[in-house]
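Both counts, for ligands and for their atoms, begin at 1 and track the order of listing.
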Amino acid sequence: MMEFTVQLKDASSRVIIERESHLHLKDYINFNCKVMVVSDTQIPLSLKEEVMAQLENATLVEVAEGEVSKGFDTYQMLLEKLLSLHFSRKDMVLALGGGVIGDLAGFVAGTYKRGCRFVSIPTTTLSQIDSSIGGKVAINLNGIKNCVGCFYHPETVIVDVDTLKTLSKRHFYNGLVEALKAGCIQDPVIFDLFKEHIDEIDVESPYLEEIIERSLFMKKRVVEKDEKEQNIRKILNFGHTIGHAIESIYHLHDYYHGECVANGMIMIEENEQIRHDLIEILKKMNIPFVTSLDCEECIRFIKNDKKAKGNEIDIVKVNELGKAVIEKVKIDDLRQYIRRSL
Ligand SMILES: NC(=O)c1ccc[n+]([C@@H]2O[C@H](COP(=O)([O-])OP(=O)(O)OC[C@H]3O[C@@H](n4cnc5c(N)ncnc54)[C@H](O)[C@@H]3O)[C@@H](O)[C@H]2O)c1
Ligand SMILES: [Zn+2]
């Protein structure tokens with residue numbers, strides 16, 4: 001078992017990484033309040049039942065599967081549900097699901113009555129590796145990802161690798177991309193684990209636990225230094241500037257988040273050796289390579305990026321493994337990177 005705390009200025013998140021921990025929630029969390037468990041329709045019933053069986057005063061609300069639920073209709077429905085159940089700020093929203101549920105339920109928790117209790121049980125590789133910590137919670141607006149949101153940290157995060165057993169292979173590898181990113185920007189040990197052992201990494205493998213632990217710990221260190229993304233936290237966006245544009249062009253559903261980030265990393269990577277290794281690893285993970293992309297549309301989306309300032313944007317580059325740097329570039333100059341991979 002591994003346990004650590006993400007210590008922020010005004011909040012903290014206790015992170016538990018342990019197999020079977022989702023079956024012993026009361027060992028870690030005080031449930032002396034009302035609880036609204038937010039999950040989606042595709043998450044296995046057995047998982048929901050295992051969680052609900054441990055809670056006396058809980059309501060399960062299931063939203064539609066997928067990115068579509070990170071929208072205003074679902075957001076409002078959940079808030080209305082909390083209100084009708086007379087939830088106070090001392091009551092709890094519990095996210096049981098992937099990054100979509102974490103982002104949505106976290107934004108609900110962070111904004112209902114200016115913030116109620118929030119706990120997260122991430123059930124995808126992506127959410128266990130990345131999205132469950134750091135406090136970024138958001139929904140989409142008019143097809144623009146994470147356009148409306150805030151920073152709100154879960155008080156506890158229960159990472160149980162066993163919950164991943166039912167995840168599809170595509171989602172499993174999609175989430176691992178964020179760990180590969182962590183390896184590139186900060187932790188070469190993670191990168192080497194991928195390079196040497198990618199064929200052996202599955203739910204049962206101790207390599208998977210090591211990858212998840214190291215990735216979360218890397219993110220903890222970065223977020224603690226720069227919670228609100230003023231400087232070093234920007235390195236977590238490696239591959240994301242072009243990745244988010246690809247996600248938007250494909251209407252947030254043809255390619256998954258990690259798959260888009262993978263393509264974004266390959267496009268922006270300039271060190272030939274790292275780029276070659278990345279491509280070989282991603283091939284083994286069956287990540288689809290985007291080969292037809294409207295470059296001008298991509299540039300238009302990047303100009304709408306939250307991180308764009310006028311015609312410039314901060315881009316993360318990895319010229320040496322584990323040593324990400326932030327460079328200001330003209331958005332128009334990104335064309336050369338996008339075209340290179342098409
Ligand atoms: N807040 C952050 O810091 C942050 C970081 C990265 C990504 N994100 C967001 O995360 C979202 C993507 O997250 P995701 O990839 O987890 O997608 P997701 O939440 O849609 O989950 C993927 C699919 O897996 C299913 N699923 C979840 N757990 C399962 C399980 N244990 N067994 C079987 N099926 C299961 C879900 O029903 C869904 O169909 C995006 O919206 C992205 O913007 C947020
Ligand atoms: Zn990401």
Side-chain angles (χ1 to χ4, degrees), residues 6 13 22 38-48 50-51 62-71 74 95-107 110 118 120-140 143-154 157 159-182 184-185 203 215-216 219-220 222-223 227 229 233 235-244 246-248 252-253 255-265 306 316:
V6 187
S13 299
H22 86 281
V38 182
S39 197
D40 77 43
T41 49
Q42 293 278 298
I43 288 155
L45 187 61
S46 54
L47 258 181
K48 295 167 191 162
E50 282 159 357
V51 168
E62 291 171 280
V63 304
E65 175 275 340
E67 196 71 25
V68 64
S69 282
K70 273 177 64 172
T74 315
L96 176 66
V100 163
I101 294 301
D103 282 9
L104 169 72
F107 188 50
F118 176 43
S120 189
I121 307 178
T123 64
T124 60
T125 42
L126 184 131
S127 52
Q128 294 195 353
I129 283 166
D130 184 13
S131 66
S132 57
I133 69 166
K136 282 190 179 178
V137 293
I139 56 174
N140 306 325
I144 300 172
K145 270 197 73 91
N146 304 330
C147 188
V148 182
C150 62
F151 287 91
Y152 200 65
H153 298 269
V157 183
V159 178
D160 180 349
V161 179
D162 284 345
T163 63
L164 302 174
K165 283 180 181 157
T166 46
L167 197 63
S168 72
K169 270 235 152 15
R170 186 173 168 198
H171 274 298
F172 181 80
Y173 284 127
N174 169 63
L176 284 186
V177 172
E178 296 280 9
L180 190 56
K181 175 201 78 178
C184 289
I185 60 175
V203 177
S215 302
L216 285 175
K219 186 163 178 183
K220 159 198 154 70
V222 170
V223 170
E227 182 187 349
E229 204 169 302
R233 185 168 180 170
I235 66 170
L236 301 178
N237 294 324
F238 178 50
H240 279 62
T241 302
I242 297 175
H244 276 155
I246 299 173
E247 236 176 323
S248 303
L252 312 182
H253 60 67
Y255 294 106
Y256 300 158
H257 178 75
E259 295 172 346
C260 296
V261 171
N263 279 275
M265 292 196 296
K306 286 189 287 302
V316 184

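In this structure, Glu67 contributes its side chain and Val100 its backbone to no donor-acceptor pair below 3.5 Å. Judged purely by atom type and a 3.5 angstrom limit, Ser120 has no side-chain atom pairing as donor or acceptor with the backbone of Val157. A distance-only check finds no donor-acceptor pair linking the side chain of Asn146 to the backbone of Ile139 [under 3.5 Å]. Without hydrogens or angle criteria, Lys48 side chain to Ile43 main chain gives a donor-acceptor distance under 3.5 Å.
Scored by the side chain to side chain donor-acceptor pair (under 3.5 Å) test, Asn263 finds no partners at all (sequence neighbours excluded). When the side chain to side chain donor-acceptor pair (under 3.5 Å) test is applied to His153, the partners found at least two apart in sequence or on another chain are Glu227.
Within the protein, the number of N/O/S atoms found under 2.8 Å from the Zn ion (ligand 2) is 3.
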- Show your working on side-chain contact (heavy atoms from CB on, under 4.5 Å) between Leu126 and His257 and close with a plain yes or no. CA-CA 9 Å; Leu126 184 131; His257 178 75; 3.8 Å; yes
Which protein N or O atoms sit under 3.5 Å from any N or O of ligand 1? Give each pair with its distance.
| unit_1 | atom_1 | unit_2 | atom_2 | d |
| --- | --- | --- | --- | --- |
| ligand 1 | 1 (N) | Asp103 | OD1 | 2.9 |
| ligand 1 | 1 (N) | Lys136 | O | 2.8 |
| ligand 1 | 13 (O) | Gly99 | N | 3.2 |
| ligand 1 | 16 (O) | Gly99 | N | 2.8 |
| ligand 1 | 16 (O) | Thr124 | OG1 | 2.7 |
| ligand 1 | 19 (O) | Gly99 | N | 3.2 |
| ligand 1 | 19 (O) | Val100 | N | 3.0 |
| ligand 1 | 28 (N) | Thr123 | O | 3.2 |
| ligand 1 | 28 (N) | Thr123 | OG1 | 2.7 |
| ligand 1 | 31 (N) | Thr123 | O | 3.1 |
| ligand 1 | 31 (N) | Thr163 | O | 2.8 |
| ligand 1 | 32 (N) | Thr166 | OG1 | 2.7 |
| ligand 1 | 37 (O) | Asp40 | OD1 | 2.7 |
| ligand 1 | 37 (O) | Asp40 | OD2 | 2.9 |
| ligand 1 | 39 (O) | Glu65 | OE2 | 2.7 |
| ligand 1 | 41 (O) | Glu67 | OE1 | 2.8 |
| ligand 1 | 41 (O) | Glu67 | OE2 | 3.3 |
| ligand 1 | 41 (O) | Lys70 | NZ | 2.8 |
| ligand 1 | 41 (O) | Lys145 | NZ | 3.3 |
| ligand 1 | 43 (O) | Lys70 | NZ | 3.1 |
| ligand 1 | 43 (O) | Lys145 | NZ | 2.8 |

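Atom CG of Asn237 is separated from atom NZ of Lys181 by 7.0 Å, given to the nearest 0.5 angstrom.
Of the candidates Asn174, Val177, Leu167, Leu167 is the only one forming a side chain to side chain contact (heavy atoms under 4.5 Å, CB included) with Thr125.
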